[in-house]
Trainee: 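Below you'll find the structure I mean.
Treat the numbers as computed from the prediction; the structure is a model and nothing was measured.
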Amino acid sequence: TLFPYTTLFRSIDITFEQAKQQIEDMPGLTDADTEKIKSQIDELENIAKEQTPKKKKWEKVKPILKFALDKGADVAITIMGLVMQMKLGA
């Protein structure tokens, strides 16, 4: 049995570029927040490409995730979708 959040994250399959476009399209964000979040998405993309252990990647991802959670559900879901695709878990 899948938990509802597992189903949600499995249905979120977006590229880093698509995530940036989603952020651009969110009306509730200031221009400064939009640019900051897009730079964080770029940072996530760089982390995903690194040839480092998952544990080190996770340490770099955590502050980005915390920032996204502070910006609201829409931002958090977009960022969490990218993080889930990075497969940093076990």
Trainee: Any side-chain heavy-atom pair from F67 and I37 closer than 4.5 angstrom?
Mentor: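 Contact flag for F67/I37 side chains = yes.
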
Trainee: How many angstroms lie between atom NZ of K38 and atom CZ of F16, to the nearest 0.5 angstrom?
Mentor: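 It is 15.5 Å, given to the nearest 0.5 Å.
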
Trainee: Between T78 and Q18, is any pair of side-chain heavy atoms under 4.5 Å apart?
Mentor: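 Heavy-atom side-chain distance check fails, nothing below 4.5 Å.
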
Trainee: Would you please test T34 and M26 for side-chain contact (heavy atoms from CB on, under 4.5 Å) and show each step?
Mentor: CA-CA 8 Å; T34 299; M26 291 180 188; over 6 Å; no

Trainee: Identify the two heavy atoms, one from A68 and one from I79, that lie closest to each other, and give their separation to 0.1 Å.
Mentor: CB-CG1, 3.6 Å

Trainee: For residues Q22 and E17, determine if any side-chain heavy atom of one lies less than 4.5 Å from a side-chain heavy atom of the other.
Mentor: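 They are not in side-chain contact.
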
Trainee: Could you tell me whether the side chain of I47 reaches within less than 4.5 Å of the side chain of W58, counting heavy atoms only?
Mentor: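 A side-chain contact is absent here, since even the closest heavy-atom pair is not under 4.5 Å.
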
Trainee: Let's go through L29 and E24 carefully: what are the C-alpha distance in whole Å and the side-chain angles of both, what is the deciding distance for side-chain contact (heavy atoms from CB on, under 4.5 Å) to 0.1 Å, and is it a yes or a no?
Mentor: CA-CA 8 Å; L29 296 174; E24 282 277 341; over 6 Å; no

Trainee: Does a sphere of radius 6.0 Å around NZ in K57 hold more than 12 heavy atoms from other residues, nucleotides or ligands, not counting ones at 6.0 Å or beyond?
Mentor: yes

Trainee: I need the full list of salt bridge (Lys or Arg N to Asp or Glu O under 4.0 Å) pairs touching residues 62-84, with sequence neighbours left out, sorted by first then second residue.
Mentor: D33-K71, E59-K62

Trainee: Taking only residues two or more places apart in sequence, or in another chain, which ones meet E50 in a side chain to side chain donor-acceptor pair (under 3.5 Å)?
Mentor: T52, K60

Trainee: First locate atom NZ of K56, then atom CD of Q51, and finally report the distance between them rounded to the nearest 0.5 Å.
Mentor: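 It comes to 13.0 Å.
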
Trainee: Ignoring hydrogens, what is the shortest heavy-atom contact between A19 and L82? Give both atom names and the distance.
Mentor: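 Scanning both residues, the minimum pair turns out to be CB-CD1, 3.6 Å.
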
Trainee: Does any pair with a residue in residues 39-49 pass side chain to side chain donor-acceptor pair (under 3.5 Å), and if so which ones, sequence neighbours excluded?
Mentor: K20-D42

Trainee: Rounded to the nearest 0.5 Å, what's the gap from CD1 on I64 to CG on L44? Could you check?
Mentor: 4.0 Å

Trainee: Can you tell me how far apart CD1 (I23) and CD (E35) are? Round to the nearest 0.5 Å.
Mentor: 11.0 Å

